[in-house]
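The chains referred to below are lettered A, B, ... by the order of the sequence lines, with proteins before strands, and numbering in each begins at 1. From a predicted model like this one, the values you see are computed outputs, not experimental measurements.
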2 protein chains.
Amino acid sequence: MTARSLTEAAIVNAALEIVRRTGVESLSMRGLSRELGMSAMAAYYYVANKDELLDLVAARALADIPLPEGDGSPWPVQLRALIDHVDKALRDYRGVGEVLLDRMHRTQKHVMRAVMELLSEAGFSDAEVAMAYALIHTYLFGRYRVTAAPLPVGDTGDADPDDIVSRVGPLSARLAGRDYYDFGVDTLIKGLESRLAAAPTNGRRRRG
Amino acid sequence: MTARSLTEAAIVNAALEIVRRTGVESLSMRGLSRELGMSAMAAYYYVANKDELLDLVAARALADIPLPEGDGSPWPVQLRALIDHVDKALRDYRGVGEVLLDRMHRTQKHVMRAVMELLSEAGFSDAEVAMAYALIHTYLFGRYRVTAAPLPVGDTGDADPDDIVSRVGPLSARLAGRDYYDFGVDTLIKGLESRLAAAPTNGRRRRG
DNA sequence: ACCTGAACACCGTTCAAGT
DNA sequence: ACCTGAACACCGTTCAAGT
């Protein structure tokens, strides 16, 4: 055994574990150190503060996302695949989307770059790329708070067939998270395609 | 003066004030009571716990949203107006979107109903109404975490014209929150329209 | 170099006690 | 009925001290 029994990697791993099991809000500096068998302050030797820890957790969770190959497939297909990979990387980590939302810009540029390149190649102007990226980012990361709160199933069981809310309530119990996700991403991409179709000369293609 | 010098309404108002000024995360039960000139535990007489307080704050912030009149305008226009009103109700309250996201289903049904009715009338099936509502909700409420973290302006000032990320960085400084919002909502609604156009017989109109 | 312990300034919540 | 004070079990962070 060398002198140190802890490493930054071990700390970040343990933190990610805790977030996956119990959610972000129950990750504490003290509890983390205790979980590693150390004194309550041990983690502070490797990490300046909780914010830095959350940055490292965020970076780690998104590190292994496969980027588009640049094969010949149409941009909506490639964009959809990339979004699916981000979603997969986030799905298991309860509350991590919330963390990442604040931190992705600071810590993790390669996914952002891949999305932006796809959009730029598709024909969007630089300003549109900025806005379209923000839209996708917002939907994807906002999702992890919404899916935690499903639509209420009719409170007293009174399904009024003329009331849309009480019709949708029980129905939403049969819809899987997958259904919401597919509908959402498809609609976003359809909306983007519809924009390009309406003003196809907006973008300036690079290496066109 | 009557016996009581505090009311639930006063407490919720003060809480909403604090959230608007300093964000949700700096709202505390103790600090709130102190701000009202009472002892640290005073608020507990009117409110069971912090969760209940957040529910009341959420309900209050969304209470006065004007619902669609049911005039003859096309559904995308009415939907856009309704979304704008929700946005306006949220805009001034830092972090309140985050609170509401968890709580809207529990506390505030009339906005949800208005959105769902518009979508149902437009021709979407009940399942599609559920998913489209979730999409809109996610975007609208997720926004209040994203807009707090603007895209990074080129870190070292090196604007590489061939790199989409460094092109978009400085550009995003000139884009207003309004631009992102308009683009986002327009794209969502375009995506929904595109869905209806692709499968126009999907929905069953009520009172058609 | 790596870790600990005590201390400070906070939290949310409970509950007996005051008026 | 309305509010207070003390207590409990937590936080994040700092910093002198231990090995």
Rounded to the Å, how far apart are A:Asn49 CG and D:dC15 P? 14 Å
Checking base pairs now: Watson-Crick or wobble, both atom distances under 3.5 Å. What partners D:dC11? none
Would you measure the distance from the C1' atom in C:dC11 across to the matching atom in D:dA7 and give it in whole Å? 14 Å
Ranking D:dT13, D:dT4, C:dT13 by distance to the side chain of B:Tyr44, first place goes to C:dT13
For the side chain of A:Thr187 and the backbone of A:Phe183, is there at least one donor-acceptor N/O pair under 3.5 Å apart? yes
When rounded to whole Å, the CG to C1' distance for the pair A:Leu36 and C:dC2 reads 15 Å
Measure the distance from CG on B:Asp51 to P on C:dC11 and round it to the nearest whole Å. 17 Å
How would you label the contact of A:Tyr46 with the nucleic acid (heavy atoms, under 4.0 Å): base, sugar-phosphate, or nothing? sugar-phosphate
Go through A:Glu128 and A:Leu119 one step at a time and tell me if the side chain to side chain contact (heavy atoms under 4.5 Å, CB included) criterion holds. CA-CA 9 Å; A:Glu128 288 170 328; A:Leu119 292 167; over 6 Å; no
Send over the distance from B:Leu32 CG to C:dT13 P, rounded to a whole Å. 13 Å
Quick one: is B:Ser28 getting a side-chain N or O under 4.0 Å of the C:dC10 phosphate, OP1 or OP2? no
Between A:Glu17 and A:Arg20, does any NZ, NE, NH1 or NH2 come within less than 4.0 Å of an OD or OE carboxylate oxygen? yes
Whole Å only: how far is the CE atom of B:Met38 from the P atom of D:dG5? 12 Å
Residues A:Val12 and A:Arg60: closest non-hydrogen pair is CG1-CD, 3.8 Å
Just how far, in rounded Å, is P of D:dG12 from CD of B:Glu25? 15 Å
Output for pair (A:Arg34 CZ, A:Ser28 OG), nearest 0.5 Å, gives 6.0 Å
Select from B:Leu27 and A:Tyr45 the residue whose nearest nucleotide in DNA chain C is closer to the 5' end of that strand. A:Tyr45
Candidate nucleotides C:dT4, C:dT13, D:dT4, ranked by approach to the side chain of B:Arg30 - the nearest: C:dT13
B:Ser5 side chain near D:dC3 phosphate (N/O to OP1/OP2, under 4.0 Å): yes
If I take atom CD in residue A:Glu52 and atom P in nucleotide D:dT14, what distance separates them, rounded to the nearest angstrom? 12 Å
Using the P atom in both, what is the distance from D:dA9 to C:dA9, to the nearest Å? 22 Å
Measure from the side chain of B:Lys50, starting at C-beta and using heavy atoms only, and say which of C:dG12, D:dG12, D:dC3 lies closest. C:dG12
Roughly how far apart, to the nearest Å, are D:dC3 and C:dC15 at atom C1'? 13 Å
DNA chain D: 5'-proximal contact among A:Met41 and A:Arg34 (nearest heavy atom): A:Arg34
Here the pair of heavy atoms bringing B:Ala114 nearest to B:Leu82 is CB-CD2, 3.6 Å
D:dT4 - base-pair partner by Watson-Crick or wobble geometry, distances under 3.5 Å: C:dA16
Can you tell me how far P of C:dC11 sits from CG of B:Leu53, to the nearest Å? 14 Å
